[in-house]
Amino acid sequence: MSYLRTFLAGATALTVATGAFAQDTTVIGVSIPAATHGWAGGMNYHAQEAIDRLEEVYPELDFVLSTASDPGAQVNDIEDMVATRNISALVVLPFESEPLTAPVQSVADSGVWVTVVDRGLSQEGIEDLYVAGDNPGFGRVSGEYMAEMMPDGGNIVVLRGIPTAIDNERVEGFQEAIEGSGIEIIGMEHGNWNRDDSFNVMQDFLSRHDQIDAVWASDDDMAVGVLAAIEASGRDDIQFVLGGAGMKEMVQRVMDGDTMIPADVTYPPSMIATAIEMTAVGLTSSAPVSGTFTIGSVLITPENAEQYYFPDSPF
Amino acid sequence: MTSTTEGAPTRGWKLPPMGVLGPILALIALIVLGAAMNPSFLAYANITNVLARSAFIGIIAVGMTFVITAGGLDLSVGSMAAFIAGLMILVMNAALPTLGVGVPIILLGMAVALVAGLLAGLLNGFLITTLGIEAFIVTLGTMGIYRSLVTWLADGGTLSLDFGLRTFYRPVYFDGILGVSWPIIVFALVVIAGEVLMGRMRFGRHCAATGSNEQVAHYSNVDVNRTRLATYAMLGVLVGVATIMYVPRLGSASASTGVLWELEAIAAVIIGGTVLKGGFGRVWGTVIGVLILSLIDNILNLTDLVSPYLNGAIQGVIIILAVILQRESRAKD
């Protein structure tokens, strides 16, 4: 860690020394996790799209995008941006909160504008702008929809993601929302946001329970596995499956009025575009953009599905 | 290195030592436990589910048994399966306008999977044998390469088989003969072939000799490099076979397909009694290893006894116990 500090201190000195030469263009660094799963793939797509668009709108802005496959690599990316590209602002979606906190703090301390997206850092007050997804809200909207769809209550099974703070917040929000609605969670297992895992878990839920009224798959990838397992079992007791995130195939099914997928709940990967855009606005205008901007999770229904459908996005 | 395997338990069928009994006892214990905890455990549907989902790892693990017996290792099989699945889906979707939905396009997809598997296996084998690079490093490298390639092919998202095509191809995973689904049949055939190859054919003895002591094997007129190359090629083809069974299930492939399959396959091989350093392998043991791993997951899903956070810990404990059971008996031999 002390090695890192030394390096960053050096990098900072370099920034100050070379700052005078980079007056004409302002560089914004964007550091995000690589496209290792559907949601991250969508996020990569929207980041690239926002950058392409903003480079045309603001000729005085230059963007450098890097994707990292683990937290260590992301720290390296950020160090390189500061050292070699003399960035004036950093938009970062931290791979994990803990390992990225100190490196991002050093960048912020050197006077660079810092925008944090989705996952917060483990220490408050480092970033200038925080564009956050609403995980408890994601669970709450899902739970409220379930309660509304099942006024007489019923038995549901829940598939959870990878055990993380994000997953816990969502599930807690969901449980609070269905409290007192008569909906009972008869099974809850981790499907790890993975199609194959959720397929196996759902098969086992179907073996274990004779009557399942609905499934909260809590994620669109997991919903794909759940639907395949239900289809293979030939069971017709399950009325609907609620996923989440807003994968285009699922939004399409909502749009088509599929009764098994009557709705979806957003957790938009395009929030990275919001963050890049707001950062660009902050650097080029006098409009204030500091603070926290929470992107609410919205219920997608057949009525509004069209505006959440991005056919070109991989997700 | 080989002292533990010289008294290999396969010959003394009269009094099976713990090395043979260990994995079988562990499997029986799990089955009894599962049946006691949930009546639906022994239901036809559940048994079919577990066996069919074991088939992917199982088919790969049979190939892995030969690679490990010959003193090698292959970490790339999980990514390779994902890459082959992605490739297969792309080719089949691309051929759809010309071939239409039907048997020919399925056969084309299967041919692509087998050829891609063979080539990928040969590449691993070539780098390891001809260029003499450590198997661990070569397959760690190809693991990253195939994982990136499938992410790239899918543009970070998911590759999905055309819907009509998927509906037509679907029975390959879900249907079968006389109530036994295809993946289970294919898995059984691969196991029988593997068992014969390992126990009764010259190739099996050559694998064991190569893994046991390369020099001695060489002087005993065993073509060490060719044997090794053949094990990797065979594993590659079996990964192709597993992918042929995998694609019809969900009809999609993404960067998260086949993650950690390599470790599950290796764990199954070792639980089954094959020696990680090579020199001795047991195909039927591998099957038991695969079933033990699948049953643990299945039982944990069917019961509420343990917090789902602890699933990984339970698996870890059972894997280590299964191996300790064999180790102790070997020490006594």
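The chains referred to below are lettered A, B, ... by the order of the sequence lines, with proteins before strands, and numbering in each begins at 1. What you are looking at is a predicted structure, and each value in this text was computed from that prediction instead of being measured.
- Atom-to-atom distance recorded for Asp204(A):CG and Ile299(B):CD1 is 10.0 Å, nearest 0.5 angstrom.
- For the atom pair Leu206(A) CG and Asn49(B) CG, the distance stands at 8.5 Å (nearest 0.5 Å).
- Taking a cutoff of 4.0 Å between a charged side-chain nitrogen and a carboxylate oxygen, Asp197(A) and Arg53(B) do not qualify as a salt bridge.
- Taking CG of Leu300(B) as the reference point, atom NE2 of His190(A) lies at 12.0 Å (rounded to 0.5 Å).
- Contact of Arg170(B) with chain A is made through the side chain alone, with heavy-atom distances under 4.5 Å.
- Nearest heavy atom pair, residue Leu250(B) against residue Gly225(A), reads CD2-CA, 4.0 Å.
- Nearest heavy atoms, Ser40(B) versus Ser207(A): OG-O, 3.0 Å.
- Nearest heavy atom pair, residue Ser252(B) against residue Arg195(A), reads OG-NH1, 2.6 Å.
- Neither the backbone nor the side chain of Asp210(A) has a heavy atom closer than 4.5 Å to any heavy atom of chain B.
- Going from atom CG of Asp196(A) over to atom OG of Ser256(B) covers 7.5 Å, rounded to the nearest 0.5 Å.
- One distance of note links CZ of Phe174(B) with OG of Ser233(A); it measures 9.5 Å at 0.5 Å rounding.
- Neither the backbone nor the side chain of Asn44(A) comes within contact range of chain B, judged by heavy atoms closer than 4.5 Å.
- Put simply, CZ on Arg208(A) and CG on Asn46(B) are 12.0 Å apart, with the number rounded to the nearest 0.5 Å.
- Contacts of Tyr246(B) with chain A are made by side-chain atoms alone, with heavy-atom separations under 4.5 Å and no backbone atom involved.
- Among Asn192(A), Asn200(A), Val224(A), the residue making the largest number of heavy-atom pairs under 4.5 Å with chain B is Asn200(A).
- In the displayed structure, Glu306(A) atom CD is contacted under 6.0 Å by at most 12 heavy atoms of other residues, nucleotides or ligands.
- When heavy atoms are compared at a cutoff of 4.5 Å, Ala40(A) does not approach chain B at all.
- For Asn38(B), the part lying under 4.5 angstrom from a heavy atom of chain A is the side chain only.
- With a threshold of 4.5 angstrom between heavy atoms, Met188(A) approaches chain B through N, CA, C or O but not through any side-chain atom.
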